[in-house]
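A short worksheet on the structure shown next.
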Amino acid sequence: MDTTRALHLLHEHRQGLSNQLTAAEAVVSVAGSDGGPALARAHWDLARLLRSYRLFKHAEVFCPAIAQGDTDERRSAADMMVNCDRAAARFDDYVLRFSGIGGTVPVGEPDRRAAMLALIAGIRAHLDNEGRAIERLMNDWRGMPVGMPPSQPAATSLYARR
């Protein structure tokens with residue numbers, strides 16, 4: 001695993017998600033009775049970024065750590081993968097509930113906005129906890145303390161433990 005490159009990409013993904021969560025909060029806070037289209041767009045943008053981030057984590061972090069890590073690293077990566085999948089399922093459940101797929105949207109606009117704000121808070125908490133855990137895992141691989149900024153991406157094999 002090219003941990004330097006993966007940490008760099010991790011920070012890029014997290015910054016993009018942070019920006020989108022802030023933008024979604026802004027939409028929710030100003031949305032009136034006609035906020036449906038703006039909220040739908042915020043859902044779509046957030047779903048797209050979360051899916052990209054999830055695919056990145058699985059391909060660049062979890063699977064390589066499970067394949068090449070020591071016992072503790074494999075367990076940690078597998079636990080993070082399960083938690084990631086659970087968080088994705090919660091988001092999918094939210095989208096299904098409020099998109100009207102399979103039925104009608106069960107609540108009014110104010111309830112929908114409150115639910116989205118709660119969703120955003122939950123995503124932020126998950127990202128913070130998961131981000132620290134991923135940094136710990138990857139810095140263990142690099143032999144560096146948590147919180148060290150990533151340097152320039154190295155030109156090593158993605159799955160070669162450094």
Side-chain angles (χ1 to χ4, degrees), residues 1-25 27-28 39 42-99 101-102 106 112-162:
M1 175 188 332
D2 181 349
T3 55
T4 302
R5 177 180 171 274
L7 276 171
H8 179 76
L9 291 172
L10 173 74
H11 290 286
E12 284 185 1
H13 277 281
R14 290 173 52 80
Q15 184 60 54
L17 281 166
S18 177
N19 293 345
Q20 180 57 40
L21 290 169
T22 299
E25 280 177 325
V27 167
V28 172
L39 286 175
H43 291 156
W44 167 247
D45 290 343
L46 188 56
R48 182 179 48 81
L49 289 173
L50 286 169
R51 178 162 174 78
S52 175
Y53 181 56
R54 182 177 180 213
L55 292 173
F56 157 75
K57 291 182 300 184
H58 283 247
E60 302 288 336
V61 178
F62 303 149
C63 290
I66 291 168
Q68 293 187 333
D70 63 27
T71 302
D72 290 338
E73 292 163 344
R74 287 193 306 267
R75 184 178 314 114
S76 176
D79 289 346
M80 284 188 277
M81 186 181 278
V82 167
N83 288 333
C84 174
D85 291 343
R86 285 182 184 148
R90 284 191 301 272
F91 182 81
D92 291 346
D93 288 345
Y94 168 87
V95 171
L96 287 174
R97 178 175 180 218
F98 288 98
S99 68
I101 295 172
R112 184 177 180 196
R113 289 192 308 260
M116 187 163 186
L117 289 173
L119 176 75
I120 289 168
I123 291 170
R124 278 202 171 110
H126 173 78
L127 292 175
D128 288 345
N129 292 332
E130 181 184 70
R132 284 190 296 274
I134 290 173
E135 284 186 9
R136 249 189 323 276
L137 173 69
M138 295 179 75
N139 282 327
D140 283 349
W141 279 53
R142 292 185 344 158
M144 298 178 76
V146 174
M148 292 293 294
S151 58
Q152 292 297 318
T156 60
S157 169
L158 270 181
Y159 296 103
R161 184 165 185 175
R162 295 178 18 164

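Under the 4.0 Å criterion applied to side-chain N and carboxylate O atoms, Asp93 and Arg90 are not assigned as salt-bridge partners.
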*asked:* Apply side-chain contact (heavy atoms from CB on, under 4.5 Å) to residues Glu25 and Arg124 and explain how you reach the verdict.
replied: CA-CA 12 Å; Glu25 280 177 325; Arg124 278 202 171 110; 2.8 Å; yes
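Exactly one residue among His11, Glu12, Arg5 makes a side-chain hydrogen bond (donor to acceptor under 3.5 Å, both in side chains) with His8. That residue is Glu12.
The side-chain heavy atoms of Leu17 and Ile123, taken from C-beta on, include no pair separated by under 4.5 Å. In this structure, the side chains of Gln15 and Leu10 stay at 4.5 Å or more apart for every pair of heavy atoms. Residues Asp85 and Arg54 meet the side-chain proximity criterion, which asks for heavy atoms closer than 4.5 Å. Looking at heavy atoms from C-beta onward, Glu130 lies out of side-chain contact with Asn83 at the 4.5 angstrom threshold.
When all heavy atoms of Met80 and Ala133 are compared, the pair lying nearest together is SD-CB, 3.6 Å. In terms of heavy-atom proximity, Asp140 sits nearest to Glu73 at CB-OE2, 4.3 Å. Closest approach of Met116 to Ala42, counting heavy atoms only: CE-CB, 3.7 Å. Across Leu7 and Met138, no two heavy atoms sit closer than the pair N-CE, 3.7 Å.
For Arg14 (side chain) and Leu127 (main-chain N/O), a donor-acceptor pair under 3.5 Å exists by modelled atom type. Remark: side-chain polar atoms of Ser52 are not paired, donor with acceptor, to backbone N or O of Arg48 under 3.5 angstrom. Under a 3.5 Å cut-off, the side chain of Glu60 and the backbone N or O of Lys57 do not form any donor-acceptor pair.
Atom CG of Leu137 and atom CD1 of Ile134 lie 8.0 Å apart (nearest 0.5 Å). Rounded to the nearest 0.5 Å, atoms CG (Asp45) and CG (Leu21) are 11.5 Å apart. Summarising the geometry, atom CD1 belonging to Ile120 is positioned 7.0 Å from atom CG belonging to Leu46; distances are rounded to the nearest 0.5 Å. The CE atom of Met81 lies 11.0 Å from the CG atom of Asp79; values are rounded to the nearest 0.5 Å.
Looking only at atom types and distance, the side chain of Arg136 has no donor-acceptor partner in the side chain of Asn139 under 3.5 Å away.
Judged as a ring-ring contact (aromatic ring centres under 6.0 Å, His included), and not counting sequence neighbours, the contacts of Tyr94 are His43, Phe98.
Below 30°, between 30° and 60°, or above 60°: for His58 and Phe62 the angle between ring planes is above 60°, a perpendicular geometry.
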